[in-house]
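Structure first, then comments.
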Amino acid sequence: MRVLLVEDDEHVAAALSAVLARHGIHTAHARCGAEALERLLPGEGSAPFDVVLLDLGLPDQDGFEVCGRIRHRADIPVIMVTARADVRSRIHGLNLGADDYVVKPYDTGELLARIHAVSRRTAGGESAAGTGGGGGEPDTPAGLRFGPVLIEPAGRRVTVDGEVVALTRKEFDLLALLAQRPGVVYRREQIISEVWRTSWEGTGRTLEVHVASLRSKLRLPALIETVRGVGYRLSAPAG
């Protein structure tokens with residue numbers, strides 16, 4: 001596995017690269033946003049990467065801007081690794097297309113688990129679509145309608161009142177899973193296992209952020225109900 005580490009702190013980058021190397025992960029280091037984008041550009045001198053670890057406090061441009069540019073150029077998984085712990089930053093990063101968000105200081109075991117999780121999702125995402133695997137989309141060619149919301153598993157597309165809503169991979173997988181059995185409560189542990197493919201306890205906060213982001217994007221906060229102490233469910237459509 002090849003990881004592009006975008007980090008301006010040389011000591012942090014060296015320490016993390018050494019840890020990743022001990023686990024068989026080759027790390028290339030970019031010290032600023034411009035260098036990261038140059039390495040990700042197709043063509044001579046560029047190299048393919050499996051995952052990008054992106055710090056937000058870069059010297060030349062904000063990491064959010066870098067994430068947006070990466071998303072326009074490639075479908076490579078991006079994990080934001082930053083000291084910004086507020087929920088607003090988490091939601092903004094995920095809305096820009098980040099696949100995960102890890103707050104410093106972090107446990108290196110957790111970071112390794114998240115790196116492997118996003119790489120597995122990317123590798124299996126295409127084969128899972130339309131088959132009921134991984135993301136849990138039901139095999140329904142016409143899609144599923146919940147009031148103004150239409151979920152089309154084959155094209156991995158969601159519309160609200162006919163308007164396409166841009167969702168990240170994990171947001172779509174989460175919504176599609178809940179749509180399998182509307183009205184049925186999915187336990188948090190089950191959602192994390194099926195969507196994130198991990199049992200790591202630290203993923204629970206990420207789940208909450210993704211639910212909040214979905215509610216905001218769909219503009220239907222009541223569609224996804226929180227069952228306190230248990231998990232979440234999709235409201236069954238009226239009629």
Side-chain angles (χ1 to χ4, degrees), residues 1-85 89-90 93-94 96-127 134 168-170 192-193 195-206 209:
M1 183 185 297
R2 290 179 56 85
V3 167
L4 177 62
L5 173 60
V6 189
E7 169 65 64
D8 65 321
D9 189 315
E10 296 283 351
H11 297 292
V12 171
L16 181 55
S17 296
V19 171
L20 296 179
R22 289 199 294 271
H23 291 269
I25 299 176
H26 174 76
T27 304
H29 179 206
R31 295 160 182 80
C32 63
E35 184 180 354
L37 294 171
E38 182 178 354
R39 285 176 174 268
L40 290 169
L41 275 172
E44 185 176 356
S46 65
F49 296 98
D50 300 294
V51 177
V52 175
L53 298 179
L54 176 62
D55 184 32
L56 296 181
L58 301 174
D60 60 338
Q61 52 191 301
D62 191 82
F64 287 133
E65 181 181 352
V66 176
C67 180
R69 292 185 177 183
I70 291 175
R71 220 9 107 237
H72 278 97
R73 300 178 185 213
D75 196 31
I76 182 172
V78 176
I79 301 177
M80 290 184 172
V81 184
T82 174
R84 301 183 196 177
S89 293
R90 290 172 183 262
L94 295 170
L96 286 172
D99 293 81
D100 210 339
Y101 194 106
V102 177
V103 177
K104 299 177 181 177
Y106 51 81
D107 180 86
T108 54
E110 177 182 357
L111 181 62
L112 282 164
R114 291 176 183 247
I115 290 172
H116 287 295
V118 298
S119 64
R120 285 197 303 268
R121 287 198 301 273
T122 303
E126 293 301 320
S127 61
T168 66
R169 282 188 295 267
K170 288 185 296 184
I192 290 171
S193 175
V195 176
W196 276 263
R197 299 185 186 180
T198 180
S199 60
W200 206 270
E201 293 181 0
T203 312
R205 184 58 175 163
T206 299
V209 171

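Just so it is clear, the structure is predicted and the values come from calculations on it, not from any experiment.
Between C67 and G97, the shortest heavy-atom contact is SG-C, 4.4 Å. Heavy atoms only, all atoms of each residue included: V6 and A36 are closest at CG2-CB, 3.6 Å. The two residues P77 and R169 make their nearest non-hydrogen contact at CA-NH2, 3.8 Å.
Here the CD1 atom belonging to I76 is positioned 7.5 Å from the CD1 atom belonging to I70, to the nearest 0.5 angstrom. A distance of 9.0 Å separates CG of D107 from CG of L112, quoted to the nearest 0.5 Å. Of the inter-residue distances, the one linking F64 atom CZ with L54 atom CG reads 9.0 Å to the nearest 0.5 angstrom.
When side chains are defined from C-beta on, V3 does not count as touching D50, because their heavy atoms never get closer than 4.5 Å. Inter-residue side-chain proximity for L40 and V52 is flagged as met; some heavy-atom pair is nearer than 4.5 Å. At a threshold of 4.5 Å between non-hydrogen side-chain atoms, the residues V78 and L96 do not count as touching. R90 has its side chain within reach of V103: a pair of non-hydrogen atoms, C-beta onward, lies under 4.5 Å apart. Side-chain contact between Y106 and R114 is absent, with no heavy-atom pair separated by less than 4.5 Å. Looking at heavy atoms from C-beta onward, I115 lies in side-chain contact with L53 at the 4.5 angstrom threshold.
Sorted by first and then second residue, the salt bridge (Lys or Arg N to Asp or Glu O under 4.0 Å) pairs with a member in residues 54-64 read D55-K104, D62-R84; sequence neighbours excluded.
Judged as a side chain to side chain donor-acceptor pair (under 3.5 Å), and not counting sequence neighbours, T82 has no contacts.
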Give the table of side-chain donor-acceptor pairs shorter than 3.5 Å for residues 19-35, with sequence neighbours excluded, one pair per line with atom names and distance.
residue : atom : partner : partner atom : Å
H26     : NE2  : R2      : NH1          : 3.4
H29     : NE2  : E7      : O            : 2.6
R31     : NE   : E10     : OE2          : 2.7
E35     : OE1  : R31     : N            : 3.0

